[in-house]
Amino acid sequence: MVTLLRKDADKAQVRERIKMSDELIKKVNRVLRETFDAKRDISNEDELTATVVDTLTGYKNECVELTNNNFTGLAPAYPYPGLKVLEDGIKLTTRLLDNRNDAQTLFNAFVKAQDDLDDWKEDYDQVTFFFESQKPVFDKAVDFMGLMKDEGFYMDSNAQAVEANKRIEQILKNPRPYREVRELHELMKPVMAAHKQMVDAKRKEMLDDITAQMAQVHEYAQSQDGYAKLAEHTIEDAGRMAKTFEGRAHGATKASELAALKQQLIEYCDRACEKIDTAIEEEKARQQRESRRKEVTSTGEIVTTIKDNDKDAPATAKPELAPAPRIKKLRLAELGERKKLESESDIDAYLGQLRARLLAELQGNDAIRLS
């Protein structure tokens, strides 16, 4: 040990410890009491130094933790308030803690910074109150705005919803919304009730639509003269799919989800009808390939012999297969223009236009399928 002391003797510094003035100690205690709610005054210099360092370090660490937990990653559409307060707190406490190795300098800087500390602490208390108590309702309001963004098309006609959206957005974008956050729940409550009522109505429409669309598919299958059984077998999954669509309709919480589901239902029904057409054409082609010949045996029994021309008939004898029919798909919504019909003559004129359109679409095709 002596050897080490002699080795660095030229670097050693000896400082006279000067007793801290009672006045400065009082001032430091006043800052701790008034700004940081200290419960008692401390007269011992070392204990007071440790208290100031621990207080500043504690607030700095809290600022760092709140920043890391709530302000990292990509900036959201509605960021939490208080980031600048936390950043200012980190800078202010760091600047003061740079003097931690010299109590006199630390105390003087601490006292001199009281006004800055008071202003910052007032803002900081609001920020911590927000994250402790107001953050849940703020998050719900952000989710609400996301819902309204998705459902705007369906809610724009609701004047209350439009006004509520404007006010909620003002609050969420306010850098100091602490006094206004309490309004959010009451602003959202009636709009969410109206939205639920609207979605429930859309859900009922969707469930009715599933029943009607599936019935149309089965009607289409039954209308296939001579091939109804084959057609029904082709769409044997229709019942299961209907249950799937109904389950998804019951689980939907947005009108936009129900609109997307309706489009999927239409596409499924279109594909089901196409499958029926394909299955029937394939069956007709199979039947065309087969030649049937009745013969009377020596016992007088009539026997029908089925011969597969693809295997047994010479190439020149194979019948030519009929080409697959050209079927054009049309949606009813695409056929007519929006028009108000007020009389029988209006209806007749509209049907005449519709007939002309259908005949034009039929040109060059074997059939038209409407959906």
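In this text, all values refer to a predicted model and were calculated from it rather than measured experimentally. Scope of the values below: all heavy atoms of this structure, side chains included, with no hydrogens, waters or symmetry mates.
By the 4.5 Å heavy-atom criterion applied to side chains, Val85 and Lys121 are not counted as neighbours. For the pair Tyr268 and Cys273, the minimum side-chain heavy-atom distance is 4.5 Å or more. The closest side-chain heavy-atom distance from Asp125 to Phe130 is not below 4.5 Å. Considering only heavy atoms from C-beta on, Asn68 comes within 4.5 Å of Val64 through its side chain. Put simply, the side chain of Gln216 does not reach to within 4.5 Å of the side chain of Cys269, judged on heavy atoms. You'll find the side chain of Cys63 reaches within 4.5 Å of the side chain of Tyr124, heavy atoms only. Using a 4.5 Å heavy-atom threshold, the side chains of Glu232 and Ile235 count as touching. Between Asn99 and Phe107, every side-chain heavy-atom pair lies at or beyond the 4.5 Å cut-off.
The side chain to side chain donor-acceptor pair (under 3.5 Å) search around Thr35 returns Asp118, not counting sequence neighbours. Contacts of Asp156 classified as salt bridge (charged side-chain N to carboxylate O under 4.0 Å, His left out), with partners at least two apart in sequence or in another chain: none. Lys284 is linked by a side-chain contact (heavy atoms from CB on, under 4.5 Å) to Tyr227, Ile280, Glu281, counting only residues two or more places apart in sequence or in another chain. For Asp98, there are no salt bridge (charged side-chain N to carboxylate O under 4.0 Å, His left out) partners, not counting sequence neighbours. In this structure Asp41 satisfies the side-chain contact (heavy atoms from CB on, under 4.5 Å) test together with Asn29, Arg33, sequence neighbours excluded.
Glu87 and Thr67 share no side-chain donor-acceptor pair at under 3.5 Å. No side-chain N or O of Arg182 forms a donor-acceptor pair with one of Gln134 less than 3.5 Å apart.
Taking all atoms of both residues into account, the shortest heavy-atom contact from Ala255 to Val199 is N-CG2, 3.8 Å. Nearest approach of Met148 to Asn165, heavy atoms of both residues: CG-OD1, 3.4 Å. Here the shortest heavy-atom pairing between Phe71 and Tyr80 reads CE2-O, 3.2 Å. Taking each heavy atom of Asn158 and Ala194 in turn, the nearest pair found is ND2-CB, 3.6 Å. When all heavy atoms are compared, the tightest approach of Ala279 to Leu230 is O-CD2, 3.7 Å. In terms of heavy atoms, Ile276 sits closest to Ala231 at CG2-CB, 3.7 Å.
Taking 4.0 Å as the cut-off between side-chain N and carboxylate O, Lys140 and Asp143 do not count as a salt-bridged pair. Classification of Arg40 and Glu47 as a salt-bridged pair holds, one side-chain N sitting under 4.0 Å from a carboxylate O. Ionic pairing of Arg286 and Glu283 is present here: one or more N-O contacts between side-chain nitrogen and carboxylate oxygen are shorter than 4.0 angstrom. Ion pairing of Asp88 with Lys84 is present here, as a side-chain N (NZ or NE/NH1/NH2) and a carboxylate O approach within less than 4.0 Å.
When each of Met155, Lys254, Met188 is checked for a side-chain contact (heavy atoms from CB on, under 4.5 Å) with Leu147, only Lys254 meets the rule.
In this structure, CZ in Arg203 is found 13.5 Å from CZ in Arg248, a value given to the nearest 0.5 Å. Rounded to the nearest 0.5 angstrom, Phe138 CZ and Phe144 CZ are separated by 14.0 Å. Within the model, atoms OG of Ser157 and CE of Met198 stand 8.5 Å from one another, a figure rounded to the nearest 0.5 Å. Note that NZ of Lys229 and OG1 of Thr234 are 12.5 Å apart. Values are rounded to the nearest 0.5 Å. In this structure, CG on Asp209 lies 9.5 Å from CG on Leu261, to the nearest 0.5 angstrom. In this structure, CG on Leu106 lies 9.5 Å from CG on Asn101, to the nearest 0.5 angstrom.
Counting only residues at least two apart or in different chains, salt bridge (charged side-chain N to carboxylate O under 4.0 Å, His left out) contacts with residues 126-136 comprise Lys135-Asp139. The ring-ring contact (aromatic ring centres under 6.0 Å, His included) analysis of residues 191-219, with sequence neighbours excluded, yields no pairs. A salt bridge (charged side-chain N to carboxylate O under 4.0 Å, His left out) check over residues 64-83, counting only residues at least two apart or in different chains, returns nothing.
Surrounding CD of Glu122 are at most 12 heavy atoms belonging to other residues, nucleotides or ligands under 6.0 Å away. The number of heavy-atom neighbours closer than 6.0 Å to NZ of Lys27, taken from other residues, nucleotides and ligands shown, is 12 or below. Residue Glu236 places its CD atom among more than 12 non-hydrogen atoms of other residues, nucleotides or ligands, all under 6.0 Å distant.
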Return a table of donor-acceptor pairs under 3.5 angstrom between the side chains of residues 52-59 and protein atoms on other chains or two or more places apart.
from  : atom 1 : to    : atom 2 : distance (Å)
Thr55 : OG1    : Thr51 : O      : 2.7
Thr57 : OG1    : Val53 : O      : 2.7

Kindly list each side-chain donor-acceptor pair under 3.5 angstrom involving residues 168-176, sequence neighbours excluded, with atom names and distances?
from   : atom 1 : to     : atom 2 : distance (Å)
Glu169 : OE2    : Tyr78  : OH     : 3.2
Glu169 : OE2    : Lys173 : NZ     : 3.4
Gln170 : OE1    : Arg167 : NH1    : 3.2
Asn174 : OD1    : Arg176 : N      : 2.9
Asn174 : ND2    : Arg176 : O      : 3.4
Asn174 : ND2    : Glu180 : OE1    : 2.9
Arg176 : NH1    : Asp123 : OD1    : 3.3
Arg176 : NH2    : Gln126 : OE1    : 2.9

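Grouped by direct or indirect side-chain proximity (heavy atoms under 4.5 Å, Ile/Leu/Val/Met/Phe/Trp/Tyr only), Val162 sits alone. Alongside Leu74, the hydrophobic cluster contains no other residue (criterion: ILVMFWY side chains under 4.5 Å).
Glu151 places a side-chain N or O within 3.5 Å of a backbone atom of Ser256 that can act as its donor or acceptor partner. Using a distance-only test at 3.5 Å, with no hydrogens or angles considered, no donor-acceptor pair links the side chain of Gln263 to the main chain of Ala259. Although no hydrogens or angles enter the test, the distance criterion places no donor-acceptor pair under 3.5 Å between the side chain of Gln114 and the main chain of Phe110.
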Inset, instruction - For salt bridge (charged side-chain N to carboxylate O under 4.0 Å, His left out), just list the numbers for Lys204 and Asp208, CA-CA rounded to whole Å, side-chain angles, deciding distance to a tenth of an Å, and then say yes or no. - result: CA-CA 6 Å; Lys204 184 179 183 305; Asp208 291 343; 3.2 Å; yes

